[in-house]
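Have a look at the structure below, then the notes.
This is a predicted model, so every value here is computed, not measured. Proteins come first, then strands; the chains are lettered A, B, ... in the order of their sequence lines, and each starts at number 1.
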There are 2 protein chains.
Amino acid sequence: MIKCHLSKIMGERKLKIVDVARDTGINRGTITRLYHETASRIELEAVEALCRYFDCQVGDLFELQVDNDTD
Amino acid sequence: MIKCHLSKIMGERKLKIVDVARDTGINRGTITRLYHETASRIELEAVEALCRYFDCQVGDLFELQVDNDTD
DNA sequence: CACTTAATGATCTTCTGAAGATCATATTAG
DNA sequence: CTAATATGATCTTCAGAAGATCATTAAGTG
């Protein structure tokens, strides 16, 4: 599965969901879904805003979790 | 902007859109959009399928293009 | 403690765009 | 040329992000 490291990054920087939502302009619901890893779809615009905000690359935010299964 | 390197990867491996669509199970229209970089939203499931298919990481497929602007 | 304010989770409607199918037009093979 | 395959374009369907709102919880202040 695709793992989203948003909660880890936010934790490291001690940021709240509202902070990220406010500063990036991304909807709070979307941040919440990414934070709790319940999102199944993502706007590239949101990915870009988060990468810029955290000054990181796409690969730092999303990672392919290599499980045994193809799931 | 977020750059999708699908066309580059496909070119390197000499794969056609139908090949990728068939082998990954992803809709051809979606592959076409990613190939031509006209997609604005992406299913994490599709990202995972592509990463597994190309045996690469999310960061190899998508990259934050660091332009001067925040756009 | 009570009161206020901010943050979060949950829920609902709206709206965008991927999924899926189909058709027309290349492109390639015979 | 004919047949098969690949691609682009278009349409409908449907999932889920966007946006707003409400209830609950946490944090701060008197």
Practice item. Mind listing the closest non-hydrogen atom pair of A/Arg52 and B/Met1 along with its distance? Key: NH2-N, 3.6 Å
Study note, to complete from the structure: Contacts satisfying salt bridge (charged side-chain N to carboxylate O under 4.0 Å, His left out) that involve residues 29-45 of chain B (not counting sequence neighbours) are A/Arg41-B/Glu43, A/Glu43-B/Arg41, B/Lys3-B/Glu37
Practice item. Return the value, rounded to whole Å, for the distance between atom CD1 of A/Ile31 and atom C1' of C/dG9. Key: 15 Å
**Study point:** By side-chain contact (heavy atoms from CB on, under 4.5 Å) - contacts of B/Ile17 (at least two apart)
**Key:** B/Met10, B/Arg28, B/Ile31, B/Thr32, B/Tyr35
Check your understanding: Passes side-chain contact (heavy atoms from CB on, under 4.5 Å), A/Leu50 versus A/Leu34? Steps please.
Key -> CA-CA 11 Å; A/Leu50 287 171; A/Leu34 289 173; 3.7 Å; yes
Revision key, fill the gap. Interatomic distance, OH@B/Tyr53 vs CG@B/Asp23, rounded to 0.5 Å, equals 3.5 Å
Review point. Within this structure, what is the CD-to-C1' distance between B/Glu45 and C/dG17, rounded to whole angstrom?
Key: 16 Å
Check your understanding: Can you name the residues that form a side-chain contact (heavy atoms from CB on, under 4.5 Å) with A/Ile2, not counting sequence neighbours?
Key -> A/Phe62, A/Leu64, B/Leu44, B/Val47, B/Glu48, B/Val58
Review point. Taking atom C1' of C/dG17 as reference, at what distance in whole Å does atom CG of A/Leu44 sit?
Key: 11 Å
**Study point:** Sub-4.0 Å heavy-atom contacts from residues 55-63 of chain A onto DNA chain C, ordered by number
**Key:** none
Exercise for review: Let me know the distance between CG of A/Asn27 and P of C/dC15, rounded to the nearest Å.
Suggested key: 15 Å
Check your understanding: To the nearest 0.5 Å, how far apart are CG in B/Leu61 and CG in B/Leu6?
Key -> 6.0 Å
Exercise for review: Treat primed atoms plus P, OP1 and OP2 as sugar-phosphate and everything else as base, then score nucleotides 6-16 of chain D 5' to 3': B for base contact with protein heavy atoms under 4.0 Å, S for sugar-phosphate contact only, - for none.
Suggested key: SBBB-----BS
Practice item. Sorted by first residue and then second, give each side chain to side chain donor-acceptor pair (under 3.5 Å) pair with at least one member in residues 9-21 of chain A; sequence neighbours left out. Key: A/Asp19-A/Arg22
